[in-house]
Amino acid sequence: MRSDGCGELRAKQISSNVQLCGWVDRCRDHGGVIFIDLRDQSGTIQITIDPERGKELFTTAESLKNETVLQIVGTIRARPKESINEKLSTGEIEVLATQITILNEVKSTLPFTVSIHDDEPVKEELRLRHRYLDLRRERMKQNLRLRHNTIKTARRFLEEEDFIEVETPVLTRSTPEGARDYLVPSRVCEGEWFALPQSPQLFKQLLMVGGLERYYQVARCFRDEDLRSDRQPEFTQLDLEMSFMSQEEIIELNEKLIAKIWKEVKGIELKLPFPNLSWQEAMDRYGTDRPDTRYGMELIAVNEIVKDMGFKVFSGAIASGGSVKCITVKNGNNSLSNVRIKPGGDVFTEAQKAGAGGLAFIRVRENNQIDTIGAIKDSLNNKQKQDLLEKTNAKEGDLILFGAGETEIVNKALDRIRQYLARELGLIPDSYDNKSWNFLWITDFPMFEVNDEEKRLEALHHPFCAPNNQDIGIKEEWQKNLPQARAKAYDLVLNGLEIGGGSLRIHNSELQKEVFQSIGLNSNEIEEKFGFLIEALEMGAPPHGGIAFGIDRIVMLLAGEESIRDTIAFPKTQQARCLMTQAPAVVSENQLNELHVANTCIEEE
RNA sequence: GGGACCGUAGUUCAACUGGUUAGAGCACCGCCCUGUCACGGCGGAAGUUGCGGGUUCGAAUCCCGUCGGUCCCGCCA
């Protein structure tokens with residue numbers, strides 16, 4: 001149907017005949033000569049319609065609406081010198097049309113314009129309802145291409161490293177813990193249900209038991225939880241697993257993979273190896289396990305300095321086992337007024353949203369004089385004051401913000417304020433600046449955390465992570481040592497977002513059973529839910545481990561987008577609905593009967 | 001489950017403190033225009049102000065409910 005792509009034509013093809021196909025980007029009808037910008041995937045070229053070339057041709061051209069699909073036959077010619085368009089890569093030439101075929105018309109007024117020249121914002125609701133039109137626009141076209149390049153690069157890299165891609169089931173069984181499952185009723189097995197996988201976790205481990213040694217998959221995962229700008233009910237992981245690899249070796253390989261992606265997709269050389277922070281250090285210094293290290297304002301514990309103060313908010317917090325931590329806002333005296341950090345102010349409110357009761361502050365004035373509320377000033381002696389200024393490295397003009405109370409809440413509040421202030425004060429470098437890609441490995445996670453509601457242990461990552469050998473000691477002490485053990489787990493954090501995570505897995509069936517018991521499963525439950533895994537581990541399972549990267553998030557960051565919806569061809573809304581197909585939808589009574597399912601939803605008439 | 005913001009012509013926005021005929025750009029339709037490139041000129045059509053209720057002499061505007069979208073908390077091993 002066509003000889004060339006619109007955007008590929010250049011002056012050296014002048015006087016050759018071409019056939020082009022594409023969409024009408026826009027028309028300029030001068031009454032005599034008519035110009036059509038014809039657009040296809042490769043770009044745009046100007047088609048010129050000369051009235052001398054026939055009435056029929058001219059009449060057709062006059063009637064064209066934007067986004068009409070055309071085939072053009074014509075000849076490439078140079079534009080008059082004064083008409084060269086330098087903004088267009090094909091701007092030196094044009095195609096003199098000898099024939100126009102309308103391949104498809106546009107029958108109604110378009111809900112929004114496709115042309116790149118119309119950069120008016122479009123409501124996301126409309127974009128999603130007519131996603132096919134949105135995909136035709138430059139932004140989404142580029143994002144999907146970038147996504148493809150990311151996945152392509154990963155595939156090439158992993159193939160070079162002797163990984164093979166294996167598909168794992170989408171219809172599988174529901175497993176305890178973790179997110180809510182999407183369920184699929186079985187027609188054949190009455191009353192029983194499949195679950196869609198939250199990740200291929202168990203299957204990839206069993207592939208290792210199967211001796212594949214190096215597996216990867218671009219895997220669709222499903223979690224029936226509430227959505228966010230970086231969470232969709234179905235999302236894509238680049239899933240890897242390998243045998244006979246240490247944590248260091250796995251990390252090294254994956255850094256190379258990430259560096260390769262950044263190099264191929266963005267042309268950016270990342271510096272390897274990535275820095276590494278233990279989970280404990282991350283919590284101490286940033287209050288979160290996914291710190292954004294593009295800016296400072298680290299959290300500083302001042303427990304030792306303030307524990308004996310008369311100011312009960314501080315000393316009391318420590319007496320009851322909590323902490324007092326602070327961040328130093330450089331030049332904060334100028335940038336943050338008292339109105340903003342006192343009750344009702346935006347900064348105070350941020351702290352409150354994270355559960356903090358208040359937000360104490362100290363302003364450093366000339367000659368290290370301090371300016372704060374009376375209760376703090378009165379109870380702070382000179383030595384404490386000096387220690388505090390030294391520890392926080394606060395200088396004249398700086399503002400120190402304090403969190404006091406339960407360590408967990410202090411961390412959460414200061415983390416939140418830190419991120420909020422970084423945005424407010426413009427401390428985050430331009431995302432296209434090479435220095436702004438701050439990768440960071442977080443390691444040595446705790447195996448478990450306490451579920452407050454149910455007063456029991458829960459796996460922090462998942463219950464298949466291997467514990468640190470030194471932490472658990474000999475077999476007889478496993479039960480006693482496991483709750484405090486660290487896991488051989490690692491997350492890759494980029495600019496405050498978790499983009500991947502993994503671990504070495506347990507390959508010893510006894511230890512695996514012990515971990516299951518720690519999270520409250522009894523022998524029967526272990527046998528019922530995970531019998532197949534335990535059995536597999538007893539038949540020669542190799543030491544193995546792996547990682548999974550969130551492709552949607554990685555592409556989002558590479559594309560500079562703020563939502564993963566802009567990296568997914570057909571995403572769902574926050575209500576997990578597809579506005580284009582209107583899924584999910586009601587099905588017939590017959591379909592339900594076949595599946596042995598009854599609808600308990602009360603319909604309103 | 002909870003909090004916040006938003007919803008006006010096909011579309012992007014406007015309409016002051018509640019005030020009488022709800023405006024503008026783009027798109028659309030018609031006429032004119034032979035070198036434009038976000039072409040230009042003249043004219044036209046286009047509205048259940050998401051929906052339902054309330055307050056008021058009077059509601060796009062205030063209140064309640066509801067639907068939809070977005071952001072966030074909870075949740076997401």
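In the text below, chain A, chain B and the rest are named by the order of the sequence lines, each starting its count at 1. Values below: every heavy atom of this structure, side chains too, minus hydrogens, waters and symmetry copies.
Using cut-offs of 30° and 60° on the angle between ring planes, the pair Y132(A) and H130(A) is perpendicular.
A donor-acceptor pair shorter than 3.5 Å cannot be found between the side chains of Q484(A) and D471(A). Side chain to side chain, E562(A) and S229(A) fail the donor-acceptor criterion of an N or O pair below 3.5 Å. T68(A) and E105(A) share no side-chain donor-acceptor pair at under 3.5 Å. Side-chain contact of D25(A) with T44(A): a donor-acceptor pair under 3.5 Å is absent, judged by distance alone.
Rounding to whole angstrom units, NE2 of residue H30(A) and C1' of C31(B) are separated by 17 Å. Rounded to an integer number of Å, the gap from F58(A) CZ to U34(B) P is 9 Å. Between the CG atom of D224(A) and the P atom of G1(B) there is a distance of 13 Å, given to the nearest Å. In this structure, the CG atom of D29(A) is 12 Å from the P atom of C29(B), given to the nearest Å. Rounded to whole Å, the distance from CZ on R180(A) to P on G1(B) is 10 Å. If you measure from atom CG of D415(A) to atom P of C73(B), you get 11 Å, rounded to the nearest angstrom.
U66(B) is paired with G50(B) under the criterion used here, namely a Watson-Crick or G-U wobble arrangement in which both key atom distances are under 3.5 Å. Base pairing analysis places C37(B) opposite nothing; no Watson-Crick or G-U wobble pair with both distances below 3.5 Å involves it. Nucleotide U61(B) has no partner under the Watson-Crick or G-U criteria, as no pair reaches both atom distances under 3.5 Å. Across all strands shown, C42(B) pairs with G30(B); the Watson-Crick or G-U wobble distances both stay below 3.5 Å. When both pairing distances are held under 3.5 Å, U20(B) makes no Watson-Crick or G-U pair with any nucleotide shown.
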Is there any protein nitrogen or oxygen under 3.5 Å from a nitrogen or oxygen in nucleotides 65-68 of chain B, and what are the pairs?
residue: G68(B); atom: O2'; partner: E125(A); partner atom: OE2; Å: 2.8

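You won't find any donor-acceptor pair under 3.5 Å spanning the side chain of R565(A) and the base of U70(B), going by distance alone. For a distance-only test at 3.5 Å, the side chain of R77(A) qualifies as a donor-acceptor partner of the base of G35(B). A donor-acceptor contact under 3.5 angstrom links the side-chain atoms of R231(A) to the base of C75(B). Between the side chain of R223(A) and the base of C76(B), no donor-acceptor pair under 3.5 Å is found.
If you check U34(B), C29(B), C76(B) against the side chain of E225(A), the one that comes closest is C76(B).
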Query raised in the report: Please walk me through it: do R231(A) and D552(A) pass salt bridge (charged side-chain N to carboxylate O under 4.0 Å, His left out)?
Result: CA-CA 9 Å; R231(A) 277 167 22 196; D552(A) 313 280; over 6 Å; no
